[in-house]
Amino acid sequence: MQRNLLSEAAVYSAFAEHCDVLFLPKGSFRVSTVNDVPVHLGSFNCGPILVGIHSGKPVYVISPDYNRFELVKDHLDRHPEIRRQIRIVEPSAMALAAEIMNSPASDLECRYPRLSARKEGRGLRWGGFALGLTTALVGMNLPVMAWFWTFMMFMALACLMMGGARIASAVSTWHDPMEYKLPGSLASRNIIWPGYTVLVPLYREANVVPELVTSLAQLDYPMESLQVLFLVESDDRETLNALRGERLSSAMDILVVPDGYPRTKPRALSYGLAEATGDYITVFDAEDRPEPDQLKKAAVMFAQTPETVACLQARLTIDNANDGFLSRQFAFEYACLFDQMLPWLFRLGIPFPLGGTSNHFRKRALDQVGGWDRFNVTEDADLGVRLARFGLRLGVMTSSTYEEAPVTLSGWLAQRTRWYKGWLQTIGVHMRQPADLLRDVGPRNFLALAALFAGALSLIALHPVFFVLLFAYLIGLVQLPGPETGVEIVMLGLSFGGSAIGYLGSVIAIWKAGDRRQFGPQLFDMVSLPLYWFFTGIAFYRAVWELFAHPYRWNKTSHGQARHRVRVRT
């Protein structure tokens, strides 16, 4: 039987000694960064990869194939002055470097590991399991009325908070203009516009490529200052061929994202960030149709705001609101969020989770905070919180991007499951050390973020429970005793009062937001709200399951399914 007498490490260690250079054992080096961006040269299979600076000179690691040992030795003999800049490692160590360099987003994991969802995994999942098990064990020993009042009061409190916030946001933005025109003086050709990079992550989107390219070609921004990068996964030949078949402008380019783990949108965005040349960066999805002057509006607003304003969120609006019940409710939901809630929070100076598209960044700010987290499936929500933790502010701009809402229940559930899973990841990341979060954002913003994330998710989680209990009560499976004391009567009144305010606040906000977006809100839209909330609860519990089973799986949203999309205003 043939046996391997020498390990890989032993072979490469001996080769390093033969070449009179140093050998680095696996795990003993870390990829270097320049200007906060990881740097590498050559191939991940053999190098060279820049790993540091020694005595003012760069140091590289290499791992040549066996059949190239003599070539490397001869080269070092001819150029002995570079021996001090070379380190030899075994191939498996290069594979480790490839994992580190899997995405430029790994810079976040290297610089701020406590802020990456990669480290969250087991802690949050098993912590949640332990909490659920403890609650179940304690609940088995509680009387039915204790469960009943706890549930009623908790749901009433969540409804009251969210309903109050929706009413306040609707009133605060009641007379806000929906459109903003740039001054005519900005049309002058003598104005030098800053460099702008548009990142467009795509995966299996060949069917919407023609419309996407047409929409981006209509952006009103000087071609010499614009860079549009289509980020396509290496195995997505259909989308790549569709793009190559289009007539791309001189500002447009295709960037093929190398295969790697996990396959997520933020990982692709990180590759785009590494190649971006603009002072400002924005993200558009495959189905997006931004207003043509959106980049100019963002550039003007950035110029008028302090450097601490790191991001401006444009307003997302659904343009296929009449495609069915789900797309219609989705349209109202977006109108409330982007036309009311986010502008209200912006005025109060409270950080908020960003939308997944049409968020405009100062590139310096993205580099400062480590870019996107490739392990968080709602990278937008996480980034909104992380920017705030670094003392940076978020803004909202008066410009719309038109999007397509899912039209099937399966597509809607998959997308919403990913959103809620990412929110849970974001909570797990930023609540690892609550004292640090409190110190970073301050008490007021700490409480506001807790209400936004935990309050919203709690309400979403409670809706299916409420409907199940209501159905069980109606068919006689559950008999809940009525209030017997004055305290219980007051508690019941507070519970129903809080729930009523929550529902009323949602109705007011939806009616006003839908009317301003010309969706034509109807009575049925208001009455059917609880049914839509029930579906959101189902998506939440599916997200909890996925957090355990598939924490980094990206549920792909299919685009190009809409039947009726309205025309973009110009």
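Start at 1 with the first residue, then count along the sequence. In this text the structure is predicted, and so the values were computed from the model without any measurement.
For the pair Tyr552 and Ala117, the tightest heavy-atom approach, listed with the atom from each and the gap, is OH-O, 3.1 Å. In terms of heavy atoms, Leu383 sits closest to Gly371 at CD1-O, 3.9 Å. The two atoms that bring Thr277 and Thr197 nearest to each other are N-OG1, 3.4 Å, heavy atoms only. Closest non-hydrogen pair, Gln294 versus Ala314, comes out as OE1-CB, 3.6 Å. For the pair Gly356 and Lys265, the tightest heavy-atom approach, listed with the atom from each and the gap, is O-NZ, 2.6 Å.
With hydrogens and angles left out, the side-chain atoms of Asp285 and Thr357 include no donor and acceptor closer than 3.5 Å. Asn376 and Thr426 form a side-chain donor-acceptor contact under 3.5 Å, judged by distance and modelled atom types alone.
For Arg516 and Asp339, the salt-bridge test fails: no basic side-chain N is under 4.0 Å from an acidic carboxylate O. One finds a salt bridge joining Asp436 and Arg439 here, because a Lys/Arg side-chain nitrogen approaches an Asp/Glu carboxylate oxygen to under 4.0 Å. Using a cutoff of 4.0 Å between basic side-chain nitrogens and carboxylate oxygens, Glu205 and Lys556 are scored as salt-bridged.
Among residue pairs with one or both ends in residues 340-359, those qualifying as salt bridge (Lys or Arg N to Asp or Glu O under 4.0 Å) are Asp176-Arg347; sequence neighbours excluded. Contacts classified as side chain to side chain donor-acceptor pair (under 3.5 Å) and involving residues 453-462 (residues at least two apart or in different chains) are not found.
Under the 4.5 Å side-chain criterion, counting only non-hydrogen atoms from C-beta, Pro351 is in contact with Leu449.
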Q: Decide yes or no on ring-ring contact (aromatic ring centres under 6.0 Å, His included) for Tyr280 and Trp193, but give the supporting numbers first.
A: CA-CA 11 Å; Tyr280 303 112; Trp193 291 90; over 10 Å; no
(Q) Could you walk me through whether Ser506 and Arg166 satisfy the side-chain hydrogen bond (donor to acceptor under 3.5 Å, both in side chains) test, starting with their C-alpha distance in whole Å, then the side-chain angles of each, then the deciding distance to 0.1 Å, before giving a yes or no? (A) CA-CA 6 Å; Ser506 298; Arg166 288 192 170 186; 3.0 Å; yes
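Using a 30° and 60° split on the angle between ring planes, Phe453 and Trp423 fall in the tilted class, from 30° to 60°. Ring planes of Phe519 and Phe332: perpendicular class, angle over 60° (limits at 30 and 60°).
Annotation: Phe390 is in aromatic contact with Tyr112 [ring centroid separation under 6.0 Å].
At least one cation-pi condition fails for Arg542 and Tyr420: the charged atom is not both under 6.0 angstrom from the six-membered ring centre and inside a 45 degree cone around its axis.
Crowding of Arg364 atom CZ: a count of heavy atoms from other residues, nucleotides or ligands under 6.0 Å not exceeding 12.
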